[in-house]
2 protein chains.
Amino acid sequence: MSRLSKLEQVKNCSGEFVLAVNDTMNVLNGKWKLPIIGSLLYGKKRFKELEREIPKITPRMLSKELKDLEVNGIVTRTVYASIPVTVEYELTKSGNSLKTVLEVMVEWGLQHRKRFIGKRRRLEKTLWR
Amino acid sequence: MSRLSKLEQVKNCSGEFVLAVNDTMNVLNGKWKLPIIGSLLYGKKRFKELEREIPKITPRMLSKELKDLEVNGIVTRTVYASIPVTVEYELTKSGNSLKTVLEVMVEWGLQHRKRFIGKRRRLEKTLWR
DNA sequence: TATAGCGCTATACTCTTGTATAGCGGTTAC
DNA sequence: GTAACCGCTATACAAGAGTATAGCGCTATA
């Protein structure tokens, strides 16, 4: 491991701690990752099921985001040779363990809102409208 | 609070839990937020100090990101009427408490890498090169 | 035969993020 | 006076993320 402290690594944009934070950020990044992961935390789902469950997502984005998540080891894609083919998406162990991370983020977000209300009425630019 | 469960809120892109996660995501979002916050976790800093500490950031981006952070209650900007003016940026209570969140993200990231190595050699698209 | 569902892909566009480069008005040091 | 530091802003551009819309090959149902 590097001699730099954790915080020094952060400000220097280098080191395994920063890599780790950024892996996490990257996995959750983009408008649709959270809804997809949230939906899959309930259990495996098929493409059309996800499309129906997640309001306003286009098949193009769903396909792209699922590919991202698969490539980064967050979901598995299983094709069954039924006729017509069936495809199922399921969270990996890593994917499921994101729940803990999300819970901490919820906690921080709620606390921050509590502190922040009274100073400003709303947070700028919330992703979900 | 909504009748929807936490997870239902996530997949539906609605509800206070999702708002909370997204506040958190939004605060950390962008290429330079993490280095800036990381740097400020050491204590207050002036504009040029940050510019020097964070490799390759342009004043334009530093200015913009600091403004974002200020508007969202993560840093305070204090102007001292010295000659010439001195400007100091400092983390708010919310800003400092992000440390906990970052630690959980580090933890998940490291675990994920451990699990993932052996399946693929590297994670796609790490933000910091 | 026609319609609908499945699991997508293709094309083309816009909108947001980030980069590159230059410069401003002020002050201090040589 | 001229060079350098401070705390930025302006302009122009490039790249990436997200949207809109259409359609593919397949099958099951009416």
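In what follows, chains carry the letters A, B, and so on, assigned in the order in which the sequence lines appear, proteins first and then strands, with residues in each chain numbered from 1. What you are looking at is a predicted structure, and each value in this text was computed from that prediction instead of being measured.
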Partners meeting side chain to side chain donor-acceptor pair (under 3.5 Å) with [X] (sequence neighbours left out):
{"X": "A:T86", "value": "A:S82"}
{"X": "B:E51", "value": "B:K48"}
{"X": "A:R46", "value": "none"}
{"X": "A:E65", "value": "none"}

(message) With ring pair (Phe, Tyr, Trp, His ring centres under 6.0 Å) as the rule and sequence neighbours excluded, what pairs involving residues 47-106 of chain A come up?
(response)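 Applying ring pair (Phe, Tyr, Trp, His ring centres under 6.0 Å) to every pair that reaches into residues 47-106 of chain A, excluding sequence neighbours, yields nothing.
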
(message) So B:I83, base contact, sugar-phosphate only, or nothing? Heavy-atom distance under 4.0 Å.
(response)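 Sugar-phosphate contact only - B:I83 comes under 4.0 Å of backbone atoms but never of a base.
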
Without decimals, in angstroms, what is the distance between [X] [atom1] and [N] [atom2]?
{"X": "A:M25", "N": "C:dT17", "atom1": "CE", "atom2": "C1'", "value": "14 Å"}
{"X": "B:I57", "N": "C:dG18", "atom1": "CD1", "atom2": "C1'", "value": "11 Å"}
{"X": "B:N26", "N": "C:dT17", "atom1": "CG", "atom2": "P", "value": "9 Å"}
{"X": "A:Y80", "N": "C:dC6", "atom1": "OH", "atom2": "P", "value": "17 Å"}
{"X": "A:N29", "N": "D:dG16", "atom1": "CG", "atom2": "P", "value": "14 Å"}
{"X": "B:E65", "N": "C:dT19", "atom1": "CD", "atom2": "C1'", "value": "13 Å"}
{"X": "A:K56", "N": "D:dT21", "atom1": "NZ", "atom2": "P", "value": "13 Å"}

(request) Could you run through nucleotides 3-12 of chain D and give me one letter per nucleotide, 5' to 3': B if any protein heavy atom sits under 4.0 Å from the base, S if only the sugar-phosphate is that close, - if neither? (result) ---SBBB-BB

(message) At less than 4.0 Å, is any side-chain N or O atom of B:K31 found next to OP1 or OP2 of C:dT19? Yes or no.
(response)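 It does, given that an N or O in the side chain of B:K31 lies less than 4.0 Å from OP1 or OP2 of C:dT19.
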
(message) Counting only Watson-Crick pairs (N1-N3 plus N6-O4 or O6-N4) and G-U wobbles (N1-O2, O6-N3), all under 3.5 Å, who is the partner of D:dT2?
(response)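 Pairing partner: C:dA29.
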
(message) Quick one about B:S97 and A:W108 (side-chain donor to acceptor, distance below 3.5 Å, no hydrogens or angles considered), yes or no?
(response)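 Yes - a donor-acceptor pair under 3.5 Å links their side chains.
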
